[in-house]
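Worksheet: the structure to be examined is printed underneath.
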Amino acid sequence: MRLTELCTADFEEAWQILAESFPPEERRTKEGQREIMNEEAYRLYGCREEGELLAILAVWEFETFTFLEHFAVRKAARGGGLGGTLLKEFLADCRKTVLLEAEPPQGEIERRRIAFYERNGFVVNRYDYIQPPLQAGCAPIPLQLMTSEKPFPAPELNRIRDELYRAVYKIEP
């Protein structure tokens, strides 16, 4: 299975996977998501089998890193190794450090999610991080940043955070 770049014609299928995989506070509204499809730095990839979209991977490309904003496998396709396969493929093709946000390991699901990313080469950066709201009416979310290959020093993560806040969340740090 291979990841291919999706386009606006794939939006409805991609939105279904995003909506079933993330609670509202961890994603944009449908209209907000449609709008970012036009952002120059934003890329949406997917994996299809027999015409059906099984997984999506949404990233923001920056000069020195790639931000993995959303990664999800359709519920019916989970548990068979597809997520790990696609993540390894993406990382092998990416020539920059990949950064993602993850919930702190407070419950079983969060611990399993972090372990999945660690098995695939990510490390937790032990600094405070707050994800700004992705839609009106939602509160900021305390998360942690994970990076591919190695942890980053606090000054570098602060620079990256500021870049994310400006480009992805449209706020001034």
Side-chain angles (χ1 to χ4, degrees), residues 3-19 21-47 53 55-73 83 86-87 89-104 113-114 117 120-173:
L3 286 168
T4 57
E5 191 162 357
L6 300 178
C7 63
T8 54
D10 302 302
F11 178 80
E12 289 298 327
E13 263 188 302
W15 174 256
Q16 287 175 355
I17 295 172
L18 194 64
S21 301
F22 294 93
E25 61 273 10
E26 293 182 19
R27 60 179 158 82
R28 291 171 183 78
T29 62
K30 188 174 185 179
E31 190 52 42
Q33 188 65 38
R34 190 183 308 276
E35 286 175 15
I36 67 162
M37 295 285 292
N38 297 316
E39 291 276 347
E40 185 177 334
Y42 185 80
R43 302 282 182 277
L44 183 62
Y45 299 97
C47 172
L53 188 61
I56 59 165
L57 193 141
V59 301
W60 292 79
E61 294 290 345
F62 293 93
E63 187 175 331
T64 60
F65 68 96
T66 297
F67 173 53
L68 175 52
E69 182 178 57
H70 290 111
F71 178 47
V73 175
L86 294 176
L87 188 57
E89 173 191 329
F90 177 74
L91 291 171
D93 290 344
C94 193
R95 291 178 169 57
K96 298 180 238 175
T97 295
V98 178
L99 173 104
L100 60 87
E101 302 163 331
E103 300 96 338
R113 187 172 296 122
I114 289 168
Y117 285 116
N120 286 286
F122 284 83
V123 295
V124 174
N125 291 267
R126 306 271 179 214
Y127 306 105
D128 291 336
Y129 174 79
I130 300 293
Q131 179 195 57
L134 283 167
Q135 55 178 296
C138 290
I141 303 170
L143 298 176
Q144 53 192 11
L145 294 175
M146 297 185 77
T147 47
S148 59
E149 302 170 10
K150 63 181 184 297
F152 277 43
E156 180 67 8
L157 281 178
N158 289 337
R159 184 194 64 74
I160 288 170
R161 177 205 59 214
D162 291 352
E163 201 167 347
L164 288 176
Y165 279 13
R166 283 186 200 97
V168 175
Y169 298 104
K170 310 296 185 212
I171 64 169
E172 280 302 313

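All values below were derived from every heavy atom in this structure, side-chain atoms included, with hydrogens, water molecules and symmetry-related copies excluded.
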Would you please name every residue forming a side-chain contact (heavy atoms from CB on, under 4.5 Å) with [X], sequence neighbours left out?
X    : result
N158 : R161
N38  : none
T66  : V59, E61, F90, C94, K96, V98
A58  : Y42, L44, H70

Mind checking whether [X] and [Y] have side chains closer than 4.5 Å, heavy atoms only?
X    : Y    : answer
P132 : P140 : no
Q33  : F11  : yes
L134 : I141 : no
E103 : L143 : yes
F65  : E163 : yes

Checklist entry - Atom CG of L99 and atom CH2 of W60: how far apart are they, to the nearest 0.5 Å? => result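 The CH2 atom of W60 is 14.0 Å from CG of L99, to the nearest 0.5 Å.
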Next on the checklist: Nearest 0.5 Å, please: how far is CG in L6 from OG1 in T4?
Outcome noted: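 Answer for the OG1-CG pair, T4 versus L6, is 5.5 Å.
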Checklist entry - For E40, what residues pass the salt bridge (charged side-chain N to carboxylate O under 4.0 Å, His left out) criterion, not counting sequence neighbours? => result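 So E40 forms no salt bridge (charged side-chain N to carboxylate O under 4.0 Å, His left out) with any residue.
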Next on the checklist: Going by salt bridge (charged side-chain N to carboxylate O under 4.0 Å, His left out), name the residues that satisfy it together with R43, two or more places apart in sequence or in a different chain.
Outcome noted: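 With neighbours one apart ignored, the set is E5.
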Side-chain donor/acceptor pairs under 3.5 Å, residues 164-173, sequence neighbours excluded:
{"from": "Y165", "atom 1": "OH", "to": "I130", "atom 2": "O", "distance (Å)": "2.5"}
{"from": "R166", "atom 1": "NE", "to": "E172", "atom 2": "OE1", "distance (Å)": "3.4"}
{"from": "Y169", "atom 1": "OH", "to": "E101", "atom 2": "OE1", "distance (Å)": "3.0"}
{"from": "Y169", "atom 1": "OH", "to": "E101", "atom 2": "OE2", "distance (Å)": "2.7"}
{"from": "Y169", "atom 1": "OH", "to": "Q131", "atom 2": "NE2", "distance (Å)": "3.3"}
{"from": "K170", "atom 1": "NZ", "to": "E39", "atom 2": "OE2", "distance (Å)": "3.2"}
{"from": "K170", "atom 1": "NZ", "to": "A167", "atom 2": "O", "distance (Å)": "2.7"}

Checklist entry - What heavy-atom pair brings N120 and L91 nearest, and what distance separates the two atoms? => result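 Scanning both residues, the minimum pair turns out to be O-CD1, 3.3 Å.
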Next on the checklist: On a heavy-atom basis, which atom in P133 and which in A139 lie closest, and how many Å separate them?
Outcome noted: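 Closest approach of P133 to A139, heavy atoms only: CG-C, 4.0 Å.
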Item to check | Within residues 120-156 or reaching into it, pairs that qualify as ring pair (Phe, Tyr, Trp, His ring centres under 6.0 Å) - sequence neighbours excluded | outcome: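 Matches after skipping sequence neighbours: Y117-F122.
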Next on the checklist: If you apply the rule side-chain contact (heavy atoms from CB on, under 4.5 Å), what do you find for L86 with L57, and how did you get there?
Outcome noted: CA-CA 9 Å; L86 294 176; L57 193 141; 5.5 Å; no
Checklist entry - Which residues pass the side chain to side chain donor-acceptor pair (under 3.5 Å) test with T64, sequence neighbours left out? => result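 Side chain to side chain donor-acceptor pair (under 3.5 Å) list for T64, sorted by chain: R159.
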Checklist entry - Quick one: does E89's side chain have a donor or acceptor within less than 3.5 Å of a partner on L3's backbone? => result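 A pair under 3.5 Å: yes.
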Checklist entry - Going through the checks in order, is the side-chain contact (heavy atoms from CB on, under 4.5 Å) test met by K30 and E12? => result CA-CA 9 Å; K30 188 174 185 179; E12 289 298 327; 2.8 Å; yes
Anything under 3.5 Å between a donor and an acceptor, one on a side chain of residues 21-28, the other on a protein residue two or more places apart or in another chain? List them.
{"from": "S21", "atom 1": "OG", "to": "I17", "atom 2": "O", "distance (Å)": "2.7"}
{"from": "S21", "atom 1": "OG", "to": "R78", "atom 2": "NH2", "distance (Å)": "2.8"}
{"from": "R27", "atom 1": "NE", "to": "F22", "atom 2": "O", "distance (Å)": "2.8"}
{"from": "R28", "atom 1": "NH1", "to": "E69", "atom 2": "OE1", "distance (Å)": "3.0"}
{"from": "R28", "atom 1": "NH1", "to": "E69", "atom 2": "OE2", "distance (Å)": "3.0"}
{"from": "R28", "atom 1": "NH2", "to": "E69", "atom 2": "OE2", "distance (Å)": "2.9"}

Checklist entry - Which residue pairs satisfy the side chain to side chain donor-acceptor pair (under 3.5 Å) criterion with at least one member in residues 137-149, sequence neighbours excluded? => result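 Checked against side chain to side chain donor-acceptor pair (under 3.5 Å) - neighbours excluded - the pairs reaching residues 137-149 are N125-T147.
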